[in-house]
Structures are given as structure tokens and as C-alpha cells.
**Student:** 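One structure coming up, written as C-alpha cells, with questions to follow.
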Protein chains: 2
Amino acid sequence: MRADAQRNAEKLRTAAAELFQERGLQVPLKEIARRAGVSHGTLYNLFGTREALIDEVVTDLAADRLDEAAEHALSLEDAWEGFAYYIETVCELQATDPALADVLSGRYPGAERLMALCDRAHDASTRIIERAQQAGALRPDFTGEDLLFVFGTNALLTRAAADAAPDAWRRGVAFVLDGLRTQAAQKPLPVGPLTPQQMYDVMGRLSGTP
Amino acid sequence: MRADAQRNAEKLRTAAAELFQERGLQVPLKEIARRAGVSHGTLYNLFGTREALIDEVVTDLAADRLDEAAEHALSLEDAWEGFAYYIETVCELQATDPALADVLSGRYPGAERLMALCDRAHDASTRIIERAQQAGALRPDFTGEDLLFVFGTNALLTRAAADAAPDAWRRGVAFVLDGLRTQAAQKPLPVGPLTPQQMYDVMGRLSGTP
DNA sequence: GAGTAAGTTGACCCCAGGGTCAAAATGACT
DNA sequence: AGTCATTTTGACCCTGGGGTCAACTTACTC
């Protein structure tokens, strides 16, 4: 790869990282090129697709944050505290970083590394959930897919409320957490959890990906 | 108004009602005209704006359903049952009718009758909430604005899941309801409720209206 | 049944986003 | 310095939404 191409790729990565974090993963590619001071043709030439760009730019940052949250959650003595910490922290990350919100509530089949990260995050969630359930604190009918739903709704709400009420999500999360404790459960849930395939479809629609 | 104009307006109302219910209030106006078998120019001529069309076509249907749900909720002996019934019923309406979902999670300042309906629905919600709180069943820190948030997120989720998992919303609602009972409340909520003005802004962003 | 106001039409404009590609520019190697 | 492969550019195309309006058509009235 020629030196100028290297430089342009770097400029594009920087611009994309900024815009993704400011406005989410659907930001127009032409705008990224504009901010990088480069023709949009160059962006297509160097990255080809939006998902490839996302994969390069977003994955590592997101991975660091999510892994750290999961690790800390599991390190807490109290299993419920760990579970609550995880949810609150991830929701807070979503509130402050639209890119991360999209990662968790979207579907980017072309972004391989990102998908791997999602799988890893899902595994970590499952561990955190199961630990809290084994400790008797978290209701046993709650699943990793349900948690994804929580993150999905939180992504939408935090984005909608980012300007007018940037902390509003904390109320919603508090209500949900209170409903997830074992002693809050009243009767069997009306329907079973989603299968991974259903989840995949739903995520696609949540983010507008067909 | 000439007879043919009457007829066309009627055809447009019918087509709009169908498409709104099938696909939500953002359906392209040109598509409504197409289904009505009429030029889109005629649509603009007869209704002017999307909101005017919405106001004529959606308001009464929505009003019937919402009023009935509220009335029945208040008629139930048990205040908590009434509250739960109201939430479940409205969420179910949203799941089966995208138009209604948009009504409750959107903002249509130009649709005067619709706005009046929203105010009425909000009042009814407040009454249902307060009754359940006075009975000691619903946590006292829950407000009508919080309920709107519940409906807003439910609207988006039901739409995303409509094909893959049309009943998924029931799980989410069950979790939330369990978190709203008085005995579920654990500690003071981290932030206060939204003001109506904040709510208005957030709703605008939820539905994509600027 | 002729005249006229009312209504309809569809071609046309705008904008924004995705995406392509021939031609121009430029880096790198000899 | 000359050559050539690589890279960049921006004009261009497409889609799909909103919206307008001059010219046409039609319903009503006398």
C-alpha cells in the first residue's frame, strides 16, 4: 500500500471514529470523507463498505469498554451487585456513545471482528446472569436475549433523550432492575424467550438493516 | 366541494387508514395516493400535509380504542389490576397497529384533534396511575411521563419484532410491571421524572420528527 | 349544451444518500 | 528524470422521499 493511501486511511479512520461516536453508525459515508478531507471515492476505494469501516474503527474501542465492564461485574462479591453494575454501566456507555449503542442494538453481519465481539459480550452477559441467578438474586426466567432487549430499548431511548434529558435512562433502568429481582417476580412470564435466530431478525429491524 | 373531490378524499382516507395501520404513520404519501388510485398531487390538494391526513384518518379510531382501554381499566375493582390491564392493553394495541404505536410515541403538532386525544389519554393514564398508587399497589415514584416512556419503547420494539417474534413484547411488559409494584421498589430513583417539555422533545426524536 | 369554476394530473423540481468509474494526479522504483 | 502502477478525484448515476404548478379535464350551473 502506498504511503498516501496509508495516510488517507488513517485520516478516514479518525474521522469515522469521531462521527460514529457523535452520531451513531449510520452517519453518511460522504460526511466521513468530508471530515477526513478526502473524496468519498477514496473512502469506497480503501474500505469498500460501511461495515468494513465500522469493523476497523469501532470494534477495539467497544471491546475494551465492554470487556472491562463484564470483568468488573464478575469481580464484585455480590452477584446481584455485579449484575446491576453491568447493566448500568453498559447503559451508561450507550448513553454517552451512540456508536456503542448501535453495536449492541444492531446487526452488522459484514463486520466480522465486531460480530465476534458481540458473541463474546453475549457470553459474558450470560455468565453474569447465571451467577446472579445461582445466588438467588436474579429471577430465573431472565435470559441473555432479554438483556439484549433491555440494551436495545435503552439505545433508542438514550439517543432520543440525549439532548433534552441525558439522564432519563437511569429511571428506566432502575424500574427494570427492580423488576428483575427474584422477589419481584409474580407469575410465570406470558411467553418464552426469543431464540437467537429471532433475536437476530429483531436486531436487524431495530437498526434498520434489512 | 365538488362531488368528485368528495369521492377522491374518501378514497384517500381509506387508503391512508389501511397503510397507516399496516406500516405506521411515516408511510410515503405518494404510496397512499397510489393505493387510492389518485395522483399524489390530489392528495396534496385535498389534505395539504401529512399531519392533516393523520388527524382525519387516525384520530377517531385511536380515540375509541384508547378511551375504551382507560375506561375498562378504571372499572376494574382492583386498582393494580386496572393499571396492569391498561399497560398490557395499550401495548397490545401498539403491537397490532403501527399507527397507534406512532400516535403514542410520536409528536404531531399539526394534528390538533390528535394532540387533544393525546392529552386526554395522558390524563386518563394519570388517573389510572394515581388510583393504583393510592391503593398502595403501584410505587409512588412512577409518573405519567414514565408511562409514556414505556409506551415509546414498546412501540419501537414491537415494530422491530413484529415479524420474527410478534409476542416478544409481553415479556418486556411483564418485567416492567413487576418492577413497578410498590414492594419491588428498592431505593430512591436516581433522577427525577421528565418535565412535559422534555417529554415533548424526546418524543420528537423518538419518532424522527425534528 | 356552453361556459366556468373547481379539481386533477403528471412532469418537474428539490434534497440526501449510496455507489461507480474514466481521467487526472502522484508516489516509487530504476 | 522517466516511467508506470497505484491512488485519488469529482462528475455522474440511481433511488426514493417531499413538494409545486401549468395545462388539462370534469362537474356543476344557467
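Letters A, B, ... mirror the listed sequences (proteins, then strands); counts begin at 1.
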**Student:** Strictly by salt bridge (Lys or Arg N to Asp or Glu O under 4.0 Å), give each pair with a member in residues 12-37 of chain A just once, sequence neighbours left out.
**Tutor:**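 As it turns out, the salt bridge (Lys or Arg N to Asp or Glu O under 4.0 Å) pairs with a partner in residues 12-37 of chain A, which skip direct neighbours, are A/E10-A/R13, A/R13-A/E56, A/E18-A/R35, A/E22-A/R35, A/R23-A/E31.
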**Student:** Please state how far atom CD in A/Q6 lies from atom C1' in D/dT7, giving the value in whole angstrom units.
**Tutor:**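 After rounding, the reported distance stands at 13 Å.
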**Student:** Please report the distance, rounded to the nearest Å, between CZ in A/R7 and P in C/dA25.
**Tutor:**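 Value for this atom pair: 18 Å.
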**Student:** Going by salt bridge (charged side-chain N to carboxylate O under 4.0 Å, His left out), name the residues that satisfy it together with A/D55, two or more places apart in sequence or in a different chain.
**Tutor:**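 A/D55: no salt bridge (charged side-chain N to carboxylate O under 4.0 Å, His left out) contacts found.
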**Student:** Closer than 4.0 Å, any side-chain N/O of A/N8 to the OP1 or OP2 of D/dT8?
**Tutor:**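 Indeed, a polar side-chain atom of A/N8 lies that close.
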**Student:** Atom CG of B/L25 and atom C1' of D/dG18: how far apart are they, to the nearest Å?
**Tutor:**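 Those two atoms, CG and C1', are 17 Å apart.
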**Student:** Return the value, rounded to whole Å, for the distance between atom CG of B/L46 and atom C1' of D/dC21.
**Tutor:**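 Going from CG in B/L46 over to C1' in D/dC21 covers 16 Å.
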**Student:** Output yes when at least one side-chain N/O atom of B/N45 is less than 4.0 Å from OP1 or OP2 of C/dG7, else no.
**Tutor:**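 Result: no.
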**Student:** Could I get the full list of ring pair (Phe, Tyr, Trp, His ring centres under 6.0 Å) partners for A/F175, not counting sequence neighbours?
**Tutor:**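 Ring pair (Phe, Tyr, Trp, His ring centres under 6.0 Å) list for A/F175, sorted by chain: B/F142.
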**Student:** Restricting to pairs with a member in residues 108-119 of chain B, which pass salt bridge (Lys or Arg N to Asp or Glu O under 4.0 Å), not counting sequence neighbours?
**Tutor:**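 Counting only pairs at least two positions apart or across chains, the salt bridge (Lys or Arg N to Asp or Glu O under 4.0 Å) contacts touching residues 108-119 of chain B are B/D60-B/R113.
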**Student:** Could you tell me whether A/Q26 atom CD has more than 12 heavy atoms of other residues or ligands within 6.0 Å of it?
**Tutor:**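 Atom CD in A/Q26 is packed in, count exceeds 12.
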**Student:** List the residues meeting side-chain hydrogen bond (donor to acceptor under 3.5 Å, both in side chains) with B/Q198, not counting sequence neighbours, and say none if there are none.
**Tutor:**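 side-chain hydrogen bond (donor to acceptor under 3.5 Å, both in side chains) list for B/Q198, sorted by chain: B/T195.
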**Student:** In whole Å, what is the span from the CD atom of B/E51 to the C1' atom of D/dG18?
**Tutor:**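 Nearest whole value for this atom pair: 14 Å.
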**Student:** Can you give me every donor-acceptor pair (side chain of residues 150-159 of chain A, partner residue at least two apart or in another chain, under 3.5 Å) with its distance?
**Tutor:**
from   : atom 1 : to     : atom 2 : distance (Å)
A/T153 : OG1    : A/F149 : O      : 3.3
A/T153 : OG1    : A/V150 : O      : 2.9
A/N154 : ND2    : A/C91  : O      : 3.4
A/N154 : ND2    : A/Q94  : OE1    : 2.8
A/T158 : OG1    : A/N154 : O      : 2.8
A/T158 : OG1    : A/A155 : O      : 3.0
A/R159 : NH1    : A/D102 : OD1    : 3.4
A/R159 : NH2    : A/P98  : O      : 3.0
A/R159 : NH2    : A/D102 : OD1    : 3.0
A/R159 : NH2    : A/D102 : OD2    : 3.4

**Student:** Please list, for nucleotides 28-30 of chain C, all pairs of protein and nucleotide N/O atoms separated by less than 3.5 Å.
**Tutor:**
from   : atom 1 : to   : atom 2 : distance (Å)
C/dA28 : OP1    : A/A3 : N      : 3.4

**Student:** What does nucleotides 12-24 of chain C look like as a protein-contact string, B for base, S for sugar-phosphate only, - for none, at under 4.0 angstrom between heavy atoms?
**Tutor:** -----SBBB----
**Student:** Determine which pairs satisfy salt bridge (Lys or Arg N to Asp or Glu O under 4.0 Å) with at least one residue from residues 164-173 of chain A, sequence neighbours left out, and list them in order.
**Tutor:**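 Non-adjacent pairs meeting salt bridge (Lys or Arg N to Asp or Glu O under 4.0 Å): A/E92-A/R170, A/D167-A/R170, A/R171-B/D146.
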